[in-house]
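In what follows, chains are A, B, ... by sequence order, proteins preceding strands, each numbered from 1.
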There are 2 protein chains.
Amino acid sequence: MSKSKVSVLVIEDEAPIRRFLKMTLTSQGYDFSEAISGQEGMLKVASEKPDIVILDLGLPDMDGLEVTKQLREWTPIPIIVLSARGQEKDKVEALDAGADDYLTKPFGVAELMARARVALRRTMTNSNGETQSTFKFGDVEVDFIKRQVSRNGEELHLTPIEYKLLSTLIKYAGRVVTHNHLLREAWGAEYSGETHYLRVYMAQLRRKLEKNPAQPKYLITEPGVGYRLKVD
Amino acid sequence: MSKSKVSVLVIEDEAPIRRFLKMTLTSQGYDFSEAISGQEGMLKVASEKPDIVILDLGLPDMDGLEVTKQLREWTPIPIIVLSARGQEKDKVEALDAGADDYLTKPFGVAELMARARVALRRTMTNSNGETQSTFKFGDVEVDFIKRQVSRNGEELHLTPIEYKLLSTLIKYAGRVVTHNHLLREAWGAEYSGETHYLRVYMAQLRRKLEKNPAQPKYLITEPGVGYRLKVD
DNA sequence: AAATCTTTATGAAATTTTGATGCACATTTT
DNA sequence: AAAATGTGCATCAAAATTTCATAAAGATTT
């Protein structure tokens, strides 16, 4: 369940700026959508649920400040405000109304993009560790942030060495990792040559992770060389 | 030692600016603390655990960018960067290095304060935008505003360290938190390695919070690694 | 004086290490 | 060609080690 693209909603009445942002954002790989008034903007936030809003303060139908406040009544979505007015008072008002950032026109695209990344970075990592840094194979899922391995959704306990070993194999997924390399990463440089440890622990991993440990589908032995995690 | 005030750490080598910020911040009701070099700043972040960092990019001993990157290796604390350089390239670099905001000198206090409020607002709210005032697991409820823990509705007393420890586990709910991480957050950086303290206090927490302390359902041990608060 | 934090001690639990056994395959010997 | 030998691997399970839980006594702080 990975959401394909990050989506940005631009609420801006001036067509040239809109076009410009559309070009920039799409070229950066974002999903772009636009609204030309505050009313339309708020509706689109509700219906499209974008990941971030770029809002011009000078809209024809209503004050951008009001848009910010109303959005903040029900959503924490990051709002980056653009404005022609650079007075400190304006900035403070907008930020206190709930905006996450404030850029004065004319602004640089690079800066706008960087500030958008800042806003996104937070929503990506803030919510209780739901960052998608997981690795899957077979019916096994490894969540590196939680340091948690599960099989068919059921939590599974790995010892420190088992976990380190599996992590290393995942790091080089698909490629052969030599005995010494594995030993170095999981035990330390001084364990070079102790391939027996590997056999013991690979057997344990297979017992915990493979449907049929005797005929492993993922934790593959490369005789004389090392081991390899086969990817689907 | 329940930290009632919001604390701000200013890392800045120029004395006039430091004095100025100290005045402003304390008058606004913030706890103020300062560092005059990058090294000292990073140490103070670790030991004092401020709620927000204001960092001057032009430090004498090391590049402010480097400070930002190093802090980001272990803490999500909001960083607001101050810089004399207003080039777009500098802004993008700092923001991508992990800064949350970038102000060009000379800056207005009101704007700085507003941007600080934005940063703080975010750390206080969860992904749903609700102010994270309580957390529940099992029959336990933690109220962060009142700094009050209750079990089955009945108030329960925790000592400062017990509370800090529990708060940290909640902050990373669902994830494994390493011994050293917990020690750093609850005791301070210099207690790294004193895992014994953790055992004593985890036992106390379990006695107070778990139905069956000997077989904890929520305060889970991850042998050799740390502890984890299991979420329902 | 009371509460909290630190230290010490002890048994239990989990993990790592070690040793033993059997299998499969290839090579060498008979 | 068959038998013997050797090597690398898988597996099991006991021994050794490390880590953990818990109680309780001493020290420190409030």
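Proximity of a side-chain donor or acceptor of B:Asp61 to a complementary backbone N or O of B:Ser37 within less than 3.5 Å is not detected.
A:Met202 places its CE atom 17 Å from the C1' atom of D:dC12, with the value rounded to the nearest Å. Atoms CG (B:Leu205) and C1' (D:dT22) sit 14 Å apart, rounded to a whole Å. In this entry the distance linking CZ of A:Arg207 with C1' of D:dA13 reads 11 Å, nearest Å. Rounded to a whole Å, the CG atom of A:Leu219 is 11 Å from the P atom of D:dA10. We find that CZ of B:Arg206 is positioned 10 Å from P of D:dC20, with the value rounded to whole Å. The distance from atom CG of A:Asn180 to atom C1' of D:dG8 is 15 Å, rounded to the nearest whole Å. Distance, B:Glu210 CD to D:dA21 C1': 14 Å, rounded to whole Å. Between the CD atom of A:Glu194 and the P atom of C:dT17 there is a distance of 9 Å, given to the nearest Å.
Between the side chains of A:Glu141 and A:Ser150, no donor-acceptor pair is found at a separation under 3.5 Å. Side-chain polar atoms of A:Tyr227 and A:Thr221 form no donor-acceptor pair below 3.5 angstrom. In this model, no donor atom of one side chain and acceptor atom of the other lie less than 3.5 Å apart for B:Asp51 and B:Tyr30. A donor and an acceptor atom, one from each side chain of B:Asn180 and B:Ser192, are located under 3.5 Å apart.
The environment of CD in B:Glu154 is sparse: at most 12 heavy-atom neighbours from other residues, nucleotides or ligands sit within 6.0 Å.
The aromatic rings of B:His181 and B:Tyr172 stand perpendicular to each other, their planes meeting at an angle above 60°, with 30° marking the opposite boundary.
Dashed line: the shortest gap from a side-chain N or O of A:Arg199 to OP1 or OP2 of D:dT11 is not under 4.0 Å.
A:Thr221 comes within contact range of the sugar-phosphate backbone alone, with a heavy-atom separation under 4.0 Å but no base atom that close. A:Tyr163 comes within contact range of no nucleotide atom at all, as no heavy-atom separation falls under 4.0 Å.
For the side-chain contact (heavy atoms from CB on, under 4.5 Å) with B:Val149, the qualifying choice from B:Leu205, B:Asp143, B:Leu209 is B:Leu209, the only one to do so.
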List every contact pair, protein side and nucleotides 19-27 of chain C side both N or O, where the distance is under 3.5 Å.
unit_1	atom_1	unit_2	atom_2	d
C:dG19	O6	A:His196	NE2	3.2

Nucleotide N/O of nucleotides 14-16 of chain C paired with protein N/O under 3.5 Å:
unit_1	atom_1	unit_2	atom_2	d
C:dT15	OP1	A:His157	NE2	2.5
C:dT16	OP1	A:Ile161	N	3.1
C:dT16	OP2	A:Thr159	OG1	2.7
C:dT16	OP2	A:Tyr201	OH	3.2
C:dT16	O5'	A:Tyr201	OH	3.2

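Taking the ring centre of A:Tyr191 as origin, the terminal cationic atom of A:Arg184 falls outside the region bounded by 6.0 Å and 45° from the ring axis.
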